[in-house]
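Chain identifiers are assigned alphabetically (A, B, ...) following the order of the sequence lines, protein sequences preceding nucleic acid strands; residue numbering begins at 1 within each chain.
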There are 2 protein chains.
Amino acid sequence: MVTMSDVAREAGVSVMTVSNVLNERLPVGGPTRERVLAAVEALGYEVNLTARHLRAGRTDTVALIVPSFHDYFGEVADEIAPLVEAQGRHLVLERTSASPQYEMEAVSVARLQLYDGVLLSVAGLDPEQLSRVRTSKPIVLLGERDVPAHFDHVRLANEEGARLATAHMIERGSRRILALGCTLDRAHMMTSDRRLGWETAHRDAGLPVDERYVVPIATYSSHTARATLHDVIASGLPFDGIFAATDVIALGAVAALADRGLRVPDEVQLAGFDNLEVSSFVPPGITSVDPNHHGVAQHAVGLLHRRMAGGDGPAEHVVAPVSLVVRGSTRR
Amino acid sequence: MVTMSDVAREAGVSVMTVSNVLNERLPVGGPTRERVLAAVEALGYEVNLTARHLRAGRTDTVALIVPSFHDYFGEVADEIAPLVEAQGRHLVLERTSASPQYEMEAVSVARLQLYDGVLLSVAGLDPEQLSRVRTSKPIVLLGERDVPAHFDHVRLANEEGARLATAHMIERGSRRILALGCTLDRAHMMTSDRRLGWETAHRDAGLPVDERYVVPIATYSSHTARATLHDVIASGLPFDGIFAATDVIALGAVAALADRGLRVPDEVQLAGFDNLEVSSFVPPGITSVDPNHHGVAQHAVGLLHRRMAGGDGPAEHVVAPVSLVVRGSTRR
DNA sequence: GCGGCGCGTTTTATCGATATAGTCTGCGAA
DNA sequence: TTCGCAGACTATATCGATAAAACGCGCCGC
């Protein structure tokens with residue numbers, strides 16, 4: 001490996017002179033500078049970032065830690081990346097498999113030291129576990145779980161989004177709407193907050209809330225959603241609308257409905273949540289709650305930037321507004 | 001920040017003793033070890049990985065560098081992650097926006113030093129640019145472009161996959177099959193290799209090859225694909241089948257066909273390439289060439305592992321076999 | 001003629017961990 | 001009593017870069 005001192009020897013100067021030439025900190029005389037640059041070129045020297053990071057105590061890198069790389073998080077990550085790069089920092093992604101253990105490791109002091117800041121998409125950790133995190137570096141939390149108050153946090157207006165989608169289907173005539181992928185839990189988390197919105201829409205419309213229509217699913221995959229909806233259909237529970245807790249679930253539902261020859265939206269209306277890119281392309285177009293990925297990304301990166309710049313106000317808890325994107329899976 | 005020497009002072013020992021306790025290199029006496037562990041606990045010490053990396057010249061981290069985080073690459077990344085972790089290393093993702101400049105920076109000596117090895121999914125760099133890369137660390141290339149011979153490389157059987165898909169549609173009755181997203185270029189790259197397979201299938205079946213049916217698209221997004229297919233339909237060019245160069249393109253095609261009320265597969269058969277997860281859920285199910293993500297991931301990680309372990313045989317060029325997954329978008 | 005100043009460059013210390021060589025203590029054998 | 005030696009622990013050098021201080025030299029002004 002070519003080091004700065006190799007360059008220094010080649011150019012007949014001290015390492016500091018090389019450093020000064022390359023970083024333009026202190027001025028270096030013309031001829032000397034030329035010799036240094038020639039030596040750099042000849043040897044193919046490039047700075048060792050690890051050493052620089054150690055010395056500088058800074059890495060100019062931000063980590064985005066997500067449960068998995070595909071679907072929702074991939075799309076969010078692609079929104080976040082340009083914003084971080086616009087600040088002159090690098091973005092790297094790490095993955096936790098949604099396992100609490102991996103998430104804890106990812107925000108361990110040791111790993112945090114590799115980055116100037118971390119965006120953590122919380123999937124597995126509960127508030128109690130999170131409160132044990134030693135925040136040696138700025139962390140901004142993303143995601144729909146409850147988190148300790150001292151963390152900056154960006155979440156979505158889950159209840160409102162679910163309410164919008166459900167109310168829309170009620171207005172368009174659905175009376176028996178499944179809450180697919182939702183749960184009856186009390187803890188504030190994605191699946192229960194969205195179920196609350198589903199409930200609210202029913203109450204607002206003067207309709208009864210039937211808990212049989214809350215159908216949890218074991219894993220948040222299209223595959224499981226498809227199988228679960230098949231079970232519901234087989235059970236004979238009548239329904240004429242589906243609010244899917246996520247678009248990934250909605251996608252599984254679309255498949256299951258097609259498997260059974262149920263027409264969307266004529267026989268069953270369908271709405272999802274997340275407005276994934278794919279949702280506008282799957283015929284007849286999936287109506288979905290748009291979380292405004294770009295806005296979420298801006299909030300999150302903005303908060304993190306403020307902390308990295310030394311800002312130390314009270315923690316902010318942003319609830320990002322959502323809107324409904326109406327497509328062909330609901331009636332007009 | 002709590003350092004090892006803070007712990008050493010607290011425990012009344014030298015830093016090396018702390019190091020020895022934590023890394024279990026040299027044996028440390030019972031009582032001393034207890035004091036050290038107590039001090040570590042009390043101060044909340046964790047090792048500084050940057051310092052360790054500098055000293056050790058190793059980071060136990062592999063980078064996967066991709067054009068973008070979502071769709072295809074997100075799915076591949078989720079396959080690669082567990083394999084890298086199984087080797088006791090971390091995986092991080094970086095993104096290049098498919099820009100040649102970013103790709104060059106990503107494999108600059110400086111950035112490579114942060115990792116023990118790199119998996120680079122080549123999108124923007126041509127062989128000439130790649131050959132200028134100073135490979136200070138093991139690199140394995142992924143992707144469908146031609147690359148210099150001295151790089152390990154994993155690619156797909158593009159021509160064969162396209163041939164399979166096209167032949168399948170011909171066999172099922174299509175006679176005028178668009179090659180959507182393919183190109184007439186000569187350079188070996190994804191879009192032209194897949195076009196070759198489309199051609200071969202025609203020749204094999206004794207059908208003429210009509211270049212008007214090769215329809216390139218400006219950007220590889222579902223959105224562009226949808227718009228482009230609308231243009232084709234508007235142009236009046238008759239077709240009864242579509243081979244989409246990627247599933248993302250196929251998804252746009254599905255949307256455009258639905259927009260026009262064209263029934264799949266009755267009026268138009270459709271096949272894609274990549275077998276994205278979504279393809280099995282979009283009604284009626286998109287027939288797609290399965291690149292065996294898992295196998296590709298294993299090859300790539302295996303090659304990289306060999307290099308990182310010091311293996312120095314000749315570069316390997318793996319062409320990963322593909323197979324056709326038949327779904328409802330083609331006739332049975 | 002000498003202090004002072006500015007410029008260009010080098011010296012030294014440092015970031016935090018770790019490999020290696022060295023030191024100290026105590027115990028057993030000659 | 002002395003030497004040897006093993007075991008436990010410490011001192012030092014090192015990874016590669018950079019911040020801060022020091023240095024040498026020429027030139028200016030009084």
B:H293 and B:Y72 aromatic centres sub-6.0 Å
yes

Ignoring hydrogens and angles, state whether a donor on the side chain of A:R52 or A:T50 is under 3.5 Å from an acceptor on the partner side chain.
no

Salt bridge check: are A:D116 and A:K137 linked by an N-O gap of less than 4.0 Å?
no

Any salt bridge linking B:E85 with B:R89? Criterion: basic side-chain nitrogen under 4.0 Å from a carboxylate oxygen.
no

Under the side chain to side chain contact (heavy atoms under 4.5 Å, CB included) test against B:R155, which residue among B:D146, B:L142, B:L141 passes?
B:D146

Which is true for B:G57 with a 4.0 Å heavy-atom rule: it touches a base, it touches only sugar-phosphate, or it touches nothing?
nothing

Sugar-phosphate means primed atoms, P, OP1 and OP2; the rest is base. With that split, encode nucleotides 14-20 of chain C 5' to 3' as B, S or - using protein heavy atoms under 4.0 Å.
BBBBBBB

When rounded to the nearest 0.5 Å, the distance separating CZ of B:F69 from CD of A:E79 is 12.0 Å

Quick one: bend of the helix from C:dG1-D:dC30 to C:dA30-D:dT1 from 5 pairs per end, to 10°?
80°

Cut-off 3.5 Å, side chains only: do A:T96 and A:S99 have a donor facing an acceptor?
no

A:E24 CD to C:dG8 C1', straight-line distance once rounded to whole Å
16 Å

Can you tell me how far C1' of C:dT9 sits from CZ of A:R9, to the nearest Å?
18 Å

Salt bridge check, B:E103 against B:R95: does any charged N sit closer than 4.0 Å to a carboxylate O?
no

